[in-house]
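Only one structure is covered here, and it is reproduced in the block below.
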Amino acid sequence: MTDSEIVALAKERQDYFGELYERYFDQIFRFVFKRLGGLENEAGDITQHTFIKAMANLNKYEDRGLPFSSWLYRIAQNEVNMYFRNSKGNYTVEIDERKFKDLCEEAEINYMSSEQQEQLVQLLNELEQEHLDLLELRFFQGMSFKEIADIYSITEPNAKMRVYRILEKLNKKWSDEK
Amino acid sequence: MRKFSIHKENKELEPSEEQIRRHKDFSRLHHDYERLTKRGKKPIYQDPKLYMLLVLIGIILLIIFLED
C-alpha cells in the first residue's frame, strides 16, 4: 500500500496509523537523535510527541504530492526547536569535524587552524536560528535539497538558494572578521 | 538556545538498532494519545456554566414550590 492509501485509511480508523508509525519511526528517531547530539531518552520522547501530534492532526494533512515523511520531519523539526527554546541556557549540539569542513568548502572558506575553526563556529552560532536549521539539515543531517524543500514546502531551487545565501552571509561575516 | 561545537573523533552520530527498538512502541503512543485527547468529562462541579445553570433551575423550582 502507498502512504497516501494508508493515510486515507488512518483518517477513518486510527489503527492504521500504526503502519505509518512502523514505516517512519526509525528515520524520525534518527533525525531527532542527531539533532540533539545523541540524547537518547529525549530523542525518544520528542519522537513520540511528533507522532502523537501527527496522529492528532492527521485530518488536517493534505496530500499535495510530497512524501508523507516530509510532513513528519516538519513536525519533528518544530518539536526539536521547541525543546531548544525551552531548555534553560544554551544547548550545545556537537557537529562532526568532517561535516563542518564540507560546510566550509561550500561557503568557500579555506581550510583553517583549530583556533580559526572555533572562531567560525562562533560566527555560525550568531546566525538566526532559522538559518541554523537550514544549514543543519543540509550539512549535519546530510539531507538533499529535495528533502529540505519538501520539509519547508518550497521548491528545490528555492531551498538551494536559501542555503547558499546563508553560506554567502557566513562567508561575508568571516571575511569581515579577518 | 542552541549552540554548535565541533567534535573531532570523526564518529558518526547514529543511534543503534537497540536504542531505536527501546523507544519504538506503538501501544504506548496509542495510550498516550488517548490520555491526551480523550480525557474524561469534567465533573459538574468543575464546569461553572453547567453548575450555575443547575443552581438557577434549583432556585426557580424552589420559588415555584414556595409560591404554591
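Numbers restart at 1 for each chain; the letters A, B, ... are given by sequence-line order, proteins then strands. Values reported hereafter were calculated over all heavy atoms of this structure, with side chains retained and with hydrogens, waters and symmetry mates removed. Here the structure is a predicted model, which means the values were calculated and not measured.
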**Report entry** ring pair (Phe, Tyr, Trp, His ring centres under 6.0 Å) involving A/Phe29 - partner list, sequence neighbours excluded
**Finding:** A/Phe25, A/Phe33, B/His23
Treating Ile, Leu, Val, Met, Phe, Trp and Tyr as nodes and any side-chain heavy-atom pair under 4.5 angstrom as an edge, say whether [X] and [Y] lie in one connected cluster.
{"X": "A/Met1", "Y": "A/Val7", "value": "yes"}
{"X": "A/Met82", "Y": "A/Val80", "value": "no"}
{"X": "B/Leu62", "Y": "B/Leu53", "value": "no"}
{"X": "B/Ile63", "Y": "B/Val55", "value": "yes"}
{"X": "B/Tyr51", "Y": "B/Ile59", "value": "yes"}

Query raised in the report: Is there side-chain contact between B/Phe26 and A/Phe17, with heavy atoms separated by less than 4.5 Å?
Result: yes
Query raised in the report: Got more than 12 heavy atoms from elsewhere within 6.0 Å of CD, A/Glu115?
Result: no
Query raised in the report: Would you say A/Lys172 has more than 12 foreign heavy atoms packed within less than 6.0 Å of its NZ?
Result: no
**Report entry** Step-by-step side-chain contact (heavy atoms from CB on, under 4.5 Å) determination, A/Gln14 to B/Glu34
**Finding:** CA-CA 11 Å; A/Gln14 276 176 5; B/Glu34 293 286 318; 3.5 Å; yes
Requested in this report: State whether B/Arg21 and A/Glu40 are salt-bridged, where the test is any N-O pair (Lys NZ or Arg NE/NH1/NH2 against Asp/Glu carboxylate O) under 4.0 Å.
Outcome: no
**Report entry** Residues from residues 135-171 of chain A approaching chain B under 4.5 Å (heavy atoms)
**Finding:** A/Glu136, A/Phe140
Report summary line: Checking heavy-atom separations under 4.5 Å from chain B, one finds in residues 41-69 of chain A A/Asn41, A/Gly44, A/Gln48, A/Phe51, A/Ile52, A/Met55, A/Ala56
Report task. Start with the C-alpha gap between B/Lys24 and A/Tyr21, add the side-chain angles, then the distance that decides, and say whether side-chain contact (heavy atoms from CB on, under 4.5 Å) holds. Result -> CA-CA 9 Å; B/Lys24 193 175 182 175; A/Tyr21 182 84; 4.0 Å; yes
Report summary line: Hits for salt bridge (charged side-chain N to carboxylate O under 4.0 Å, His left out) against A/Arg23, two or more places apart or cross-chain, chain-then-number order -> A/Asp3, A/Glu19
